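Computed from a prediction, not measured in an experiment: that's the story for all the values here.
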Amino acid sequence: MKNKIRCHHCKEFYQPQDKVALNYANTILHFDCPDTENLPIIDEGTFEEIVKRYSFFSDTLLN
């Protein structure tokens, strides 16, 4: 599981269908978790959509 990432707040691994937001620092946040960074949100969608939309994320995060 070394290619998986966890939510900073709840420590759960992101699942492809999780509803998330991407903030200005390119941090992925679960919609249900508190945003402690308070940075502007630049995109929203499922974890899978965000990973596929931004080239700086590796597709291996979805395996």
Requested in this report: I would like to know whether Phe13 and Ile5 meet side chain to side chain contact (heavy atoms under 4.5 Å, CB included); could you show each step before the answer?
Outcome: CA-CA 6 Å; Phe13 285 108; Ile5 58 174; over 6 Å; no
Decide side chain to side chain contact (heavy atoms under 4.5 Å, CB included) for Ile42 and Asn26; before the verdict, give the C-alpha distance in whole Å, the side-chain angles of both, and the deciding distance to 0.1 Å.
CA-CA 9 Å; Ile42 59 171; Asn26 296 328; 4.0 Å; yes
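- Between Asp43 and Arg53 there is a salt bridge, with a side-chain nitrogen of the basic residue lying less than 4.0 Å from a carboxylate oxygen of the acidic one.
- When all heavy atoms of Lys19 and Thr46 are compared, the pair lying nearest together is NZ-CG2, 3.9 Å.
- Asp32 contributes atom CG, which lies 11.0 Å from atom NE2 of His9 (distance to the nearest 0.5 angstrom).
- Closest approach of Gln15 and Phe47 over heavy atoms only: O-CB, 3.3 Å.
- By the criterion of side-chain heavy atoms lying less than 4.5 angstrom apart, applied directly or through intervening Ile, Leu, Val, Met, Phe, Trp or Tyr residues, Ile28 is grouped together with Leu39 in one hydrophobic cluster.
- Annotation: side chain of Lys52 is in contact with side chain of Leu62 (closest heavy-atom distance under 4.5 Å).
- Closest heavy-atom contact between Phe57 and Val51: CB-O, 3.9 Å.
- Sorted by first and then second residue, the ring-ring contact (aromatic ring centres under 6.0 Å, His included) pairs involving residues 20-42 (not counting sequence neighbours) are Tyr14-His30.
- Looking only at distances, no side-chain donor or acceptor of Ser58 sits under 3.5 Å from a matching main-chain atom of Leu61.
- Partners of Thr27 according to the side chain to side chain contact (heavy atoms under 4.5 Å, CB included) rule, which considers only residues two or more places apart in sequence or in another chain, are Asn23, Ala25, Leu29, Glu37.
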